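All figures in this text were calculated on a predicted structure; none of them were measured in a lab. A, B, ... follow the sequence lines: proteins, then strands. Residue 1 opens every chain.
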Amino acid sequence: MSDFFDLEETDVAPAAPPAAASFPDMPFLTDLNPEQRRAVEQTEGPVLVLSGAGTGKTRVLTTRIAYILGTRRATPWQVLAVTFTNKASREMKERLEKMIGLPARNTWLGTFHSIGIRILSRWPAEAGLQPHFIVLNTDDQERLVKQILSDNGVDIKKYTPAVVLDIIQRWKDRGLEPAAVTPAEDTGYCDGRVKGFYQLYQNRLRELNAVDFGDLLLLPLNLFKTHPDILARYQEQFRYILVDEYQDTNVAQYLLLRLLSQKHRNICCVGDDDQSIYSWRGAEVENILKFQDVYPDALVIRLERNYRSTAHILGAASALIANNAGRLGKTLKVADGRDGSGDRVKVQGFWNGKQEAETVIARVEDEQRHGTPLSQMAVLVRTSSQTRAFEEECIKAGIPYKIIGGFKFYEREEIRDAVAYLRLTLNTDDDLAFSRVVNKPRRGIGDSAMQSVAAAAKEHHVSLFDAIAWAELRPSVRKTLDAFAGLVRTWRDKQNMSEPKELAQQILEESGYINMWRLDKSPDAEGRIENIKELYNVLSEFETINDFIEYAALVTDADENATGDQLVIMTLHASKGLEFDTVFLPGWEEGLFPHQKALDESGEQGLEEERRLAYVGLTRARRKAFVSFVSNRLVYGQWQNALPSRFVEELPAEHIEDCTDRQTGYGFRAEDVAPLMTGWQPRSAFPQQQNHTRFKQSDDYANSPFAAAETRATAGRLVNSLTPRTSRSKSRRLGKRVYHETFGFGTVVREEGDRLEVHFDDHGLKKVLARFLSEA
DNA sequence: GGGTTGCCCGTTTTT
DNA sequence: CGGGCAACCC
């Protein structure tokens with residue numbers, strides 16, 4: 001499952017692999033097109049492969065590794081291949097093993113972060129860590145920052161831990177230690193105190209012997225800076241370096257790669273500037289754009305033959321992305337020998353999100369009837385909150401589905417708790433884990449008890465766990481804590497004797513944790529127990545708990561594979577690198593996609609990144625793509641009306657088919673609008689773009705989704721001006737006839753906020769909440 | 001110490 | 001609409 005996590009001793013080069021079939025007998029080379037082949041065979045020197053969507057970049061990367069190994073240019077141990085997701089590296093490893101017919105065991109193939117762990121685990125002391133440091137998850141990080149802010153008298157309502165943490169992360173992404181942050185860069189938030197908090201945060205991490213995601217890159221960088229000898233051995237070791245998704249590397253990753261590749265200079269980066277969608281996480285498209293500046297002798301290869309999508313899908317996607325400025329410029333072509341242009345991209349507007357979801361799922365069923373497996377279809381959304389509507393429709397229709405992203409398995413409360421128990425068992429000095437579980441289930445350990453334990457810990461310079469012995473405690477609390485500590489010790493002593501799964505079961509039983517949920521009568525308790533059982537299953541695939549903990553710190557749901565025939569529902573971000581026969585792209589509305597926040601915070605650049613996201617979405621589709629938007633969407637429990645995304649308009653007419661049902665589907669229905677329409681003159685709701693001939697002034701226009709949009713937009717404004725925005729408005733409900741589930745019909749006689757006083761016909765005067773009433 | 005209530009908040013994307 | 005949190009009560 002994660003064999004690149006078994007951190008083997010790396011000092012000794014393993015023996016060379018048994019002779020593979022020697023080139024040119026390697027059959028896989030002949031499957032490549034000339035550009036791909038060039039990218040594989042140019043093993044020496046820096047190579048930049050600009051690889052459009054669906055042009056076979058994974059194939060190039062894996063073949064290149066196989067070629068390097070097969071021609072005995074290097075042993076597996078001397079090849080470093082980095083990817084962004086565990087899934088990508090797993091896939092690459094599998095494909096590689098298929099090609100070379102050998103386990104790719106000794107290659108350094110993994111995510112940047114797993115490579116970081118591997119290096120730090122090898123040199124903990126030199127990197128300023130102790131062995132068996134822990135990797136914090138987002139939750140832990142936020143907790144720490146919050147504590148630091150509170151300790152320093154910051155109003156965390158005004159300056160949120162999440163934002164502070166985000167600023168710190170961005171600095172880390174750029175390879176900046178606290179000392180390297182200039183005051184000028186620390187003006188944006190919290191009166192220039194964030195740099196100080198960053199330092200405190202780092203101190204705290206070291207105290208806890210913990211690292212965060214950013215440290216997995218930052219600490220190796222520092223290690224190499226302070227220990228040139230260590231750097232030198234890695235530089236020597238890595239004869240060939242390959243990088244996937246290069247457009248998404250941040251500065252720290254760039255610096256690492258540059259350092260590591262200095263000796264042999266055989267670095268091959270594969271990426272697509274049009275698919276750069278992680279700038280908010282510190283990714284620098286600049287890295288790809290300036291590759292040739294850093295390596296003037298670089299060979300640049302463009303892969304433009306698309307083997308994935310139909311001509312219409314490619315045409316639509318290409319036209320869309322052409323609206324972005326500052327691209328390196330690639331033109332995707334349908335690869336030779338592929339027939340027909342396929343279906344046009346279907347575009348459809350709906351009245352609301354429910355209709356949209358219903359129709360999408362109906363289309364899913366239809367496709368399924370025509371032989372497309374569910375697993376070959378995907379619903380790709382902009383924000384995870386959009387998944388719910390589709391989930392509900394799937395349940396109604398009885399369609400098996402899998403939601404990726406959103407609530408992550410390892411971020412669920414019960415999983416984090418369970419993992420904390422395991423962490424504590426493994427390492428009783430893990431204060432974070434200790435605090436998390438010491439009173440879960442409730443053992444009567446409250447704030448005051450924890451305070452005295454913390455004080456004792458500080459005084460005696462020991463962990464919270466060890467401080468129990470020193471702390472001054474009330475007898476009952478002392479008894480409880482001693483018993484708890486005793487339990488943890490028994491688990492700790494067993495850790496090497498039992499299987500991870502068995503030990504976990506024992507821990508969660510004996511601690512009373514599972515029982516806590518068994519006794520919990522809330523509706524989701526059962527699901528939580530199921531999740532814990534699922535955790536047992538995952539555990540059974542690991543040899544040691546430690547392996548699992550390291551794995552759990554880095555995985556995300558996006559790494560999971562869909563099992564069986566399930567419809568996949570996920571965010572556009574999570575879909576990068578995947579492909580499906582049929583792709584549904586709902587929610588193409590201004591404000592949602594492009595997302596308002598992206599526009600507000602990053603302006604034109606934000607818009608372009610959103611557009612790249614749209615491009616990524618479209619290019620996931622092999623045969624069919626279905627774009628939709630609605631005029632009314634429920635956001636934060638409130639109905640808001642919306643305009644079609646500008647991206648809809650950027651899809652050229654010749655590649656789309658408008659499926660909007662204007663009788664019932666999109667915009668305001670005629671009978672709703674008619675009374676409001678007096679004197680209304682159509683005006684374009686969209687700035688016309690020069691290079692778009694579509695729908696403009698032609699007869700098509702009246703039937704286009706945009707004509708409907710204009711109607712709706714204008715009518716929407718009118719309606720809004722006439723209808724109170726929320727049900728909060730006074731006077732409107734007084735005297736209204738209402739219906740209540742329990743009390744039947746009645747009349748509103750008084751209102752205070754959401755609480756209404758209603759005189760019910762059969763039950764007299766009652767106070768009820770507005771939401772339990774409907775208009776009679 | 002623990003449970004409940006009520007308020008206020010925000011709400012993109014994730015290794 | 002839901003989560004998080006502070007204030008309040010048992």
Determine the interplanar angle of the A:Trp588 and A:Phe593 rings, folded into 0 to 90°, and report it as parallel if under 30°, tilted if 30 to 60°, perpendicular if over 60°. perpendicular
Sequence neighbours excluded, which residues qualify as salt bridge (Lys or Arg N to Asp or Glu O under 4.0 Å) partners of A:Arg442? none
Restricting to salt bridge (Lys or Arg N to Asp or Glu O under 4.0 Å), what partner residues turn up for A:Arg416, sequence neighbours left out? A:Asp139
note: A:Gln596, atom CD; B:dG10, atom P; distance rounded to Å ~ 16 Å
Roughly how far apart are A:Ile569 CD1 and A:Ile403 CD1, rounded to 0.5 Å? 4.5 Å
Partner residues of A:Leu599 under the side chain to side chain contact (heavy atoms under 4.5 Å, CB included) criterion, sequence neighbours left out: A:Pro594, A:Gln596, A:Leu607, A:Arg646
A:Glu142 CD to C:dG4 P: how many Å, rounded? 10 Å
When you match A:Asp447 and A:Thr383 each to their closest nucleotide on DNA chain B, which lands nearer the 5' end? A:Asp447
Quick one: A:Arg281 CZ to B:dT13 P, roughly how many Å, whole number? 13 Å
Counting any heavy atom closer than 4.0 Å, what does A:Asn439 reach on the DNA or RNA strands: base, sugar-phosphate only, or nothing? sugar-phosphate
B:dT14 C1' sits how many Å from A:Leu165 CG, rounded? 13 Å
Please name all residues satisfying salt bridge (Lys or Arg N to Asp or Glu O under 4.0 Å) with A:Arg281, sequence neighbours left out, ordered by chain then number. none
Between A:His113 and A:Val635, just flag the one whose closest nucleotide in DNA chain B comes earlier from the 5' side. A:Val635
Any side-chain N or O of A:Ser384 less than 4.0 Å from the OP1 or OP2 oxygen of B:dT12? no
To the side chain of A:Arg382, which of B:dT14, B:dG2, B:dT13 is closest? B:dT13
Does OP1 or OP2 of B:dT13 have a side-chain N or O of A:Lys597 closer than 4.0 Å? no
Partners meeting ring-ring contact (aromatic ring centres under 6.0 Å, His included) with A:Phe224 (sequence neighbours left out): A:Tyr234
Mark this stacking check for A:Trp280 against B:dT13 as yes or no, applying ring centres under 5.5 Å and ring planes under 30°. yes
Can you confirm if the aromatic rings of A:Phe390 and A:Tyr401 lie within a centre distance of less than 6.0 Å? no
Report all interatomic pairs (protein N or O, nucleotide N or O of nucleotides 5-9 of chain C) with separations under 3.5 Å.
residue, atom, partner, partner atom, Å
C:dC5, OP1, A:Lys146, NZ, 2.7

With rounding to the closest Å, how many angstrom separate the C1' atoms on B:dT12 and C:dC5? 24 Å
Can you tell me how far P of B:dT13 sits from CD of A:Gln169, to the nearest Å? 16 Å
Between P on B:dT14 and NZ on A:Lys576, what's the gap in Å once rounded to a whole number? 12 Å
It should be established whether A:Asn137 places a side-chain nitrogen or oxygen under 4.0 Å from OP1 or OP2 of nucleotide B:dT14. no
Does A:Arg388 place a side-chain N or O at less than 4.0 Å from the phosphate oxygens OP1/OP2 of C:dC1? no
Once you round it to whole Å, what is the distance between C1' of B:dT11 and CG of A:Leu592? 12 Å
Please report the distance, rounded to the nearest Å, between CZ in A:Arg170 and P in B:dT14. 13 Å
So A:Phe213, base contact, sugar-phosphate only, or nothing? Heavy-atom distance under 4.0 Å. base
